[in-house]
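The structure displayed is predicted, hence computed values, not measured ones.
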Amino acid sequence: ILAYLLLPRGLEFAAGGASFGVVIGSAFGLALLALIYWYRGQQLRFPGGGADEPGREGVGRIALEITRLSVPITLAALVSPIIQLIDTVIVPRRLQIAGFTPEAATGLYGQLTGFAAPLMNLPQIFTVALAASLVPAVSEALALGQSSRVRNRVEAAMKLTLLIALPSTLGLILLARPISQMLYNTPEAGIPLAGLAAGITFLLLHQTTTGALQGLGKTHIPVQNLLLGAAVKAVMNFTLTAIPSIHILGAALGTSAGFLVAAVLNVIALRRLVGFPFPWRDGILKPMLASAAMALTVTAFYRTILELYGSNTLGTLIAIAGGAGIYGAVLILSKAVTEEELQMIPWFGPRFNEILRRLGLTGR
């Protein structure tokens with residue numbers, strides 16, 4: 001909104017307004033949290049007593065524990081801005097080595113970061129909420145010594161992540177150019193979008209497994225793995241982007257490869273710590289079959305609408321809606337998700353879960 005209001009004053013003011021919108025949004029979010037805490041504060045506090053009560057820890061000890069856990073999490077949050085800063089230096093210069101002019105290199109980099117990256121980040125709406133709910137869920141089960149419950153919750157979170165990640169990956173790869181044309185009137189932005197879409201599954205898995213590891217108190221492991229992934233990304237970006245036949249696609253594939261490394265290392269660490277069985281049937285096989293049905297639907301709908309009406313926007317929207325409907329229907333009919341697993345998703349209310357349960361559309 002700020003960018004739109006300030007646009008008449010010039011592009012620099014619009015860009016500044018868009019950036020300052022993050023500050024305003026964060027301030028409103030903080031105010032909302034403070035209001036909720038003030039309104040429900042009494043329910044969140046434990047009743048009476050001092051730090052010397054039996055079974056209660058002192059403030060200093062708690063502060064040290066919080067610091068020990070929070071510092072690695074803070075460092076992990078710093079990795080992404082550092083990677084973006086490195087990309088800002090590496091990618092445009094390597095594109096120039098590939099033969100592009102500075103203006104063309106800047107334009108290609110803008111397609112990667114301004115057009116493709118936001119669409120890659122869109123499915124994170126799901127995994128951010130899931131990871132946030134997974135941290136206390138795993139911590140609670142761990143504190144109670146319920147190792148089987150820890151394994152079940154980690155396995156369920158992995159399965160739910162794959163149920164969202166696999167169709168998101170395939171859908172964005174198939175519709176990369178149509179979506180880019182519809183949103184930006186720049187179909188060539190579909191090239192970096194397809195490269196980034198290949199890494200969506202690994203990005204979402206990395207987020208979910210990071211939440212699980214944080215819940216286990218192993219906050220340093222995701223940081224180490226993300227740094228290794230960042231190193232792989234930097235090497236691939238530096239190497240592939242300078243190849244004329246690959247150019248900006250190399251930077252996108254480097255990002256996907258970085259998240260692949262980080263996600264795989266997180267999964268290996270979780271299996272070593274928890275020993276959960278990987279959800280091959282419900283987490284891989286069923287979503288892949290449903291994704292295949294979705295892919296056929298998306299392709300058929302888009303081509304049909306494009307031939308009948310010649311509208312890329314209409315064809316893209318109908319293809320997305322039809323593909324999502326087919327994918328959801330196949331998953332529901334195959335009972336790939338249980339009622340307990342749906343409860344892990346904060347924005348699935350109890351009424352929705354009850355409807356699915358009565359219809360017999362959730363698993364055991």
> Can you name the closest pair of heavy atoms from Pro178 and Asn312 and give their distance?
O-ND2, 3.0 Å
> Does Ile248 reach the side chain of Pro192, with side-chain heavy atoms less than 4.5 Å apart?
yes
> Is there a side-chain contact between Lys286 and Val330 (heavy atoms, below 4.5 Å)?
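With C-beta onward as the side chain, the pair stays apart.
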> Over all heavy atoms of both residues, which pair between Leu249 and Ile191 is shortest? Give the atoms and the distance, please.
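Heavy atoms only, the tightest pair is CD1-O, 3.5 Å.
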> Is the shortest heavy-atom distance from the side chain of Leu273 to the side chain of Leu216 under 4.5 Å?
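Sidechains of Leu216 and Leu273: in contact.
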> Rounded at 0.5 Å granularity, tell me how far CG in Leu253 sits from CG in Leu260.
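Taking CG in Leu253 and CG in Leu260, the distance rounds to 11.5 Å.
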> Mind running side chain to side chain contact (heavy atoms under 4.5 Å, CB included) on Leu108 and Glu188 for me, showing each step along the way?
CA-CA 9 Å; Leu108 287 172; Glu188 58 268 22; over 6 Å; no
> Is the side chain of Arg94 donor-acceptor paired with the backbone N or O of Phe238 at a distance under 3.5 Å, no angle test?
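Side chain of Arg94 to backbone of Phe238: a pair is present.
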> Could you tell me whether a side-chain N or O of Ser133 sits under 3.5 Å from a main-chain N or O of Leu130, the two making a donor and an acceptor?
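Indeed, once roles are kept as given, a pair shorter than 3.5 Å links the two residues.
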> Apart from Tyr309 itself, which Ile, Leu, Val, Met, Phe, Trp or Tyr residues share its cluster (side-chain heavy atoms under 4.5 Å, direct or through members)?
Phe301, Ile305, Leu308, Leu314, Ile318
> Looking at every non-hydrogen atom in both residues, tell me the closest pair between Pro287 and Leu162 and how far apart they are.
CB-O, 4.4 Å
> Report the C-alpha separation of Gln124 and Asn121 in whole Å, then their side-chain angles, then the decisive distance to 0.1 Å, and conclude whether the side chain to side chain donor-acceptor pair (under 3.5 Å) test is met.
CA-CA 5 Å; Gln124 293 185 66; Asn121 294 330; 2.7 Å; yes
> Does the distance from a Lys or Arg side-chain N to an Asp or Glu carboxylate O, for Glu155 and Arg271, drop under 4.0 Å?
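Looking at Glu155 and Arg271, the cut-off is not met.
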> Within this structure, what is the CG-CE distance for the pair Leu134 and Met158, rounded to the nearest 0.5 Å?
10.5 Å
> Evaluate the side-chain proximity of Met288 to Leu166: yes if any heavy-atom separation is below 4.5 Å, no if none is.
yes
> Could you give me the CA-CA distance, side-chain angles and deciding distance for Tyr327 and Thr297, then say whether side chain to side chain donor-acceptor pair (under 3.5 Å) is met?
CA-CA 9 Å; Tyr327 180 78; Thr297 302; over 6 Å; no
> To check you understand the geometry: which heavy-atom pair defines the closest contact between Thr161 and Phe126, and what is its length?
CA-CE2, 3.9 Å
> Taking the side chain as every heavy atom from C-beta outward, state whether Val298 and Ile320 have any pair of such atoms under 4.5 Å apart.
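Counting from C-beta outward, Val298 and Ile320 never come under 4.5 Å.
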> Decide yes or no for Phe115 and Ser180: does some side-chain heavy atom of the first lie under 4.5 Å from some side-chain heavy atom of the second?
no
> Quick check for you: to the nearest 0.5 Å, what is the distance between His206 atom NE2 and Asn266 atom CG?
5.0 Å
> Got a second to check how far Leu265's CG is from Leu270's CG, nearest 0.5 Å?
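Between Leu265 CG and Leu270 CG, I get 11.5 Å after rounding to 0.5 Å.
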> Any side-chain heavy atom of Leu306 sitting closer than 4.5 Å to one from Ser311?
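Counting from C-beta outward, Leu306 and Ser311 never come under 4.5 Å.
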> Cut-off 3.5 Å, side chains only: do Thr169 and Thr201 have a donor facing an acceptor?
yes
> Once rounded to the nearest 0.5 Å, what's the spacing between atom OH of Tyr184 and atom CD of Gln111?
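So the OH of Tyr184 and the CD of Gln111 are separated by 11.0 Å.
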> Considering only heavy atoms from C-beta outward, does the side chain of Leu174 approach that of Tyr302 to under 4.5 Å?
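Not touching, per the 4.5 Å side-chain cut-off.
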> Within the side chain of Thr208, is there an N or O that forms a donor-acceptor pair under 3.5 Å with the backbone of Ala131?
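No.
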> Going by ring-ring contact (aromatic ring centres under 6.0 Å, His included), name the residues that satisfy it together with Phe100, two or more places apart in sequence or in a different chain.
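In terms of ring-ring contact (aromatic ring centres under 6.0 Å, His included), with neighbours along the sequence ignored, Phe100 is linked to His247.
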> Compare every heavy atom of Ile326 with every heavy atom of Met294, then report the nearest pair and how far apart it is.
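Minimum heavy-atom contact is N-CG2, 4.2 Å.
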> Any idea which heavy atoms bring Ala269 and Leu213 closest together, and the distance?
CB-CD2, 4.4 Å
